[in-house]
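Here's the structure, in structure tokens; my notes come after.
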Amino acid sequence: MVAMKLLHLKPNSLLPFTIFSIKRSSSFLPKPSILSLFCSTQTQTKTQTFSYGPSLHKGKIAPETPFQTQNPITHQPEVGEDNNPLFDEQKFTRVFHLAALRVPANDCFALENRLRGHLLNWPRVKNIARVPGDEIEEEMMTLFDKRKDGVENNEEENEEFESLVLYREKLAKEFNYRGFVKFKNLAKISRPGKRKKKEKNGDGEMKGNERKECCLVEVLEEEEEDEMKGLLGEEFKGGRKWKGSTRLLLLDERYGDKGFEELPQAIKAVFVGETIENRSSTIELVRCKLTLFYDYWQMNEILETMLPEGMIIPSAFETVGHIAHLNLKDEHLPYKNVIAKVVLDKNKPKIQTVVNKIDVIQNDYRTMQLEVLAGNHSLVTTVVENGLRFRVDLAKVYWNSRLATERLRLLGGFNRNDVICDVFSGVGPIAVSAAKIVKRVYANDLNPFAVEYLERNSVLNKLEKKIKVFNMDGRRFINAMFSSEKARSITHVVMNLPNDAAEFLDAFRGVYRNQPRDKEFNFPMIHVYGFSKARDPEFDFHERIRIALQEVAVNVDMRRVRLVAPGKYMLCASFILPKSVAFAECSLNV
């Protein structure tokens, strides 16, 4: 009779496991066959060759896996009443039959380095697996070492102590097992307290966000006939001689169905060397089964099997706090709920909400119309950037995490003597961050909700004394700032409104016309952002700046920020306000 015995992989935070017992009649497992997945659009079976390593197209599908939740012909995912996908995660469970070497625990790392090229070497799966049932704590191992124990007893008998207090202090300093055995209270104080087990709810499930098992190893080994089974029952598993702590070295998948004679010479040499050294080999070849669950597979691997063949996998998304922001194409919309569920499952607990932008930004407040596809419906989140915290409500304000690098570059050009004027500040990613560096910040935005969150963020980061907030139109704000006494102290003006910022540059014409020209002025550096779809985006954006300023000679430092869409660039132009523009007779703004 052959019994199944469960194994743990070596402890790893990425690979949690669930232990349960299985008994199944089986012989050595056959070579894995290639199976088509449930969502294949092909009606006819084709023989395919897959690359090395784990794949959803390889292995054996779990027999208990149902296949009724999705129609493989139409490829239309079924949804429930709450518009959530109903695909079963068990469909992605795959079983692989492998061979392994059972070795002493003390020798497993040395043998792993020696046989590295012949081991499994799969991503997110350790080559070393534990064997439950023959484990023992390291502190207790010396209790079985009679030779060492006798030496310690002799040494302690030869030593004399004036009092038991000094003897106890010696044991406490040595911090060994004998001190724990003789002074149980000392053991309780010295050892860290045990973690409290999490309570279970009424359904028997663990409370909180518990990780599910993603990988499980089971070993097949021959059960020894035991005379005591007739007396103690068939469930009795005694009779096997304990050999000490052992580990499993998972061999390459190519050796899963091969016998000892078919193994490579390097593995045979391990057996021969161990036999010569110890007269009897402590290493044995066993057959095992590796089960990979839904949580093992990555997001791209899951979506590749669920979407039609040839469709682009929407693997990239923007992260805003706990929110994943997708920009799905029209071809992805029929599968938006399935995509959102996979994104949510594969990025927990960091991602708790998945949204999709359903329309382009068309309003003056730069807010996006978002549809919640999975997770909780809260769009209020906290974003950490440059060591600062920002409260954001994506339903009312605008935020773009992809500009974090550009904002950091811009902040690198400020110093403690600068005074910043942020014309389109939003919730304050530039204004609040700059307040840590510069002397003073004047921040403005037309959106009243953005101004409210800007004030909250300045208080949240304890920078409210260095930021003055305004809520008005951009042109009006520029005229108000440069017509006041603050005009001469402003050193930088930031205009981060790529869609319309260049059109507001005409507000700078004549901003100093009421100031005496004989005085010295430090004209501010203007940083304006914009989009361009032209073949030469730098030249196109430069022309728009010169037209808005009505100035031919404008020395502009131009750089590309990022590619927003195919053929559409976001650019940043930095230039010092020309004197001829600042003292122009009149402004175009009337």
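- Other residues, nucleotides and ligands contribute at most 12 non-hydrogen atoms within 6.0 Å of the CG atom of Asn522.
- Between Tyr512 and Phe523, the ring planes are tilted. Angles from 30° to 60° get that label.
- In this structure, Arg560 pairs ionically with Glu538, as a charged nitrogen and a carboxylate oxygen lie closer than 4.0 Å.
- Taking each heavy atom of Val556 and Ala573 in turn, the nearest pair found is CG1-CB, 3.5 Å.
- Across all their heavy atoms, Ile478 and Phe504 have their closest contact at CD1-O, 4.1 Å.
- Open room surrounds CZ on Arg389; 12 or fewer heavy atoms of other groups in view lie less than 6.0 Å from it.
- Heavy-atom contacts from other residues, nucleotides or ligands closer than 6.0 Å to CG of Asn555 number 12 or fewer.
- Put simply, the residue from Tyr442, Phe583, Phe508 that forms a ring-ring contact (aromatic ring centres under 6.0 Å, His included) with Phe482 is Phe508.
- Between Glu301 and Lys346 there is no salt bridge, since no side-chain nitrogen of the basic residue lies less than 4.0 Å from a carboxylate oxygen of the acidic one.
- Contact check on Lys341 versus Glu89 returns a salt bridge, with a Lys/Arg side-chain nitrogen under 4.0 Å from an Asp/Glu carboxylate oxygen.
- Residues Glu464 and Val459 approach most closely at OE1-CA, 3.5 Å, considering heavy atoms.
- Between Asn127 and Leu120, the shortest heavy-atom distance links the atoms OD1-N, 3.6 Å.
- Arg476 has its side chain out of reach of Asn444: every pair of non-hydrogen atoms, C-beta onward, lies at least 4.5 Å apart.
- Ion pairing between Glu452 and Lys396 fails under the 4.0 Å rule for side-chain N and carboxylate O.
- Closest non-hydrogen pair, Ile467 versus Ala431, comes out as CD1-O, 4.0 Å.
- Looking at Arg562 and Thr405, their side chains never come closer than 4.5 Å, going by heavy atoms from C-beta outward.
- For the residue pair Ser433 and Glu385, no side-chain donor N or O sits within less than 3.5 Å of a side-chain acceptor on the partner.
- Side-chain contact between Phe109 and Ile128 is present, with at least one heavy-atom pair separated by less than 4.5 Å.
- A 4.5 Å side-chain heavy-atom check between Tyr294 and Val342 finds at least one atom pair inside the cut-off.
- Val125 has its side chain within reach of Leu292: a pair of non-hydrogen atoms, C-beta onward, lies under 4.5 Å apart.
- The 12-atom threshold is exceeded at CG of Leu333, counting heavy atoms of other residues, nucleotides or ligands nearer than 6.0 Å.
- Side chain of His332 to main chain of Ile312: a donor-acceptor pair is present (N/O by atom type, distance under 3.5 Å, no hydrogens or angles).
- Counting heavy-atom neighbours within 6.0 Å of Arg535 CZ, excluding the residue itself, gives a total of 12 or less.
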